[in-house]
Amino acid sequence: MLDYKNQSKWPNGFGSQQSPIEIKTAQTLKSKEPLDYHVVADYQLHQEVDDGTTVRLTGEGEARIFNREYHFVQVHFHAPSEHVIDGTHYPLEIHLVHQNDIGELVVVALLVSAGELDDEKLQQIMTTYETGKTEPVDLNISDWAPWYPVGFHYLGSLTTPPLTEGVEWLVLTNPEFTISDRQIDWFHEHFGDDNRDPQPLNGRQVELYK
């Protein structure tokens, strides 16, 4: 299990383009084009793993991102959010991890707000969860991806060791679902706060898509 209280001790020899970051909307480059992210084959989950740090679910699916084809490979969760928008953390950040045929990674981060009702699909993930175990699951999460995505694009890294750089990030602020306070509490009870601290921007450009 990663020690999030001693992040400075994590191994990191990969340069100066680390993730997550704090995004200041006023300092972003505003794009005139819509964000080109589309699910083209359903995100279907098959296996749920307790990896000691979060819940990770593997599966299959296809997406087109900036007119490039990617395979959906896994989803996992961080509470509270790792990315910070104009000084604000969201209660949950969902990472949809994609990889293309030559190994390049794109992570679509969904910044999820609290609402009155449970999210049914997240509830199924929580119900299936067994501490320290790997369990089968049959769940389609395609509709977690907003039909008209709004958010940010930048170049960064993985947020857990080995913290490898060269990862493209889409940080989306308009998922079309919320989660309940009870579901937020579940993540904290099982994993504590599992969000990496924001890293220096170091001159990187962040693009805003609305």
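We're numbering straight along the sequence, starting at 1.
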Please confirm whether His76 and His78 have ring centers closer than 6.0 angstrom.
yes

From Asp119 atom CG to Ile179 atom CD1, the distance as rounded to the nearest 0.5 Å:
8.0 Å

What's the spacing between Leu139 CG and Leu45 CG if we round to 0.5 Å?
5.0 Å

Are Leu172 and Val106 connected, step by step, through hydrophobic side chains (Ile, Leu, Val, Met, Phe, Trp, Tyr) whose heavy atoms are closer than 4.5 Å?
yes

Residues Asp36 and Arg68 bridged, charged N to O under 4.0 Å:
no

Separation between CG (Asp197) and CD (Gln18), nearest 0.5 Å, reads 12.5 Å

Near-ring test Trp186/Tyr129, centroid separation under 6.0 angstrom:
yes

With the side chain counted from C-beta on, respond yes when Ile125 and Val137 share a heavy-atom pair under 4.5 Å apart, and no when they do not.
no

Residue pair Lys5, Asp193: steps toward the salt bridge (charged side-chain N to carboxylate O under 4.0 Å, His left out) verdict
CA-CA 9 Å; Lys5 295 182 179 179; Asp193 290 357; over 6 Å; no

Any donor-acceptor pair under 3.5 Å linking the side chain of Asn100 with the backbone of Ile102?
yes

If the test is ring pair (Phe, Tyr, Trp, His ring centres under 6.0 Å), which one of His98, His153, His83 qualifies with Trp169?
His83

Any salt bridge linking Asp86 with Lys24? Criterion: basic side-chain nitrogen under 4.0 Å from a carboxylate oxygen.
no

Measuring centre to centre across the rings, with the benzene-like ring taken for any Trp, is Phe77 within less than 6.0 Å of Phe187?
yes

What do you reckon, is NZ of Lys9 surrounded by more than 12 foreign heavy atoms closer than 6.0 Å?
no

If we only count heavy atoms from C-beta on, is the Pro20 to Val84 side-chain gap below 4.5 Å?
no

Leu105 CG to Tyr70 OH distance, which is reported to the nearest 0.5 Å:
8.5 Å

Pairing residues for Arg196 by the salt bridge (Lys or Arg N to Asp or Glu O under 4.0 Å) criterion, not counting sequence neighbours
none

As a quick check of understanding, evaluate side-chain contact (heavy atoms from CB on, under 4.5 Å) for Val97 and Phe72, giving each step before the final call.
CA-CA 6 Å; Val97 182; Phe72 167 73; 5.9 Å; no

Connected via hydrophobic side-chain network under 4.5 Å: Leu110 and Tyr90
no

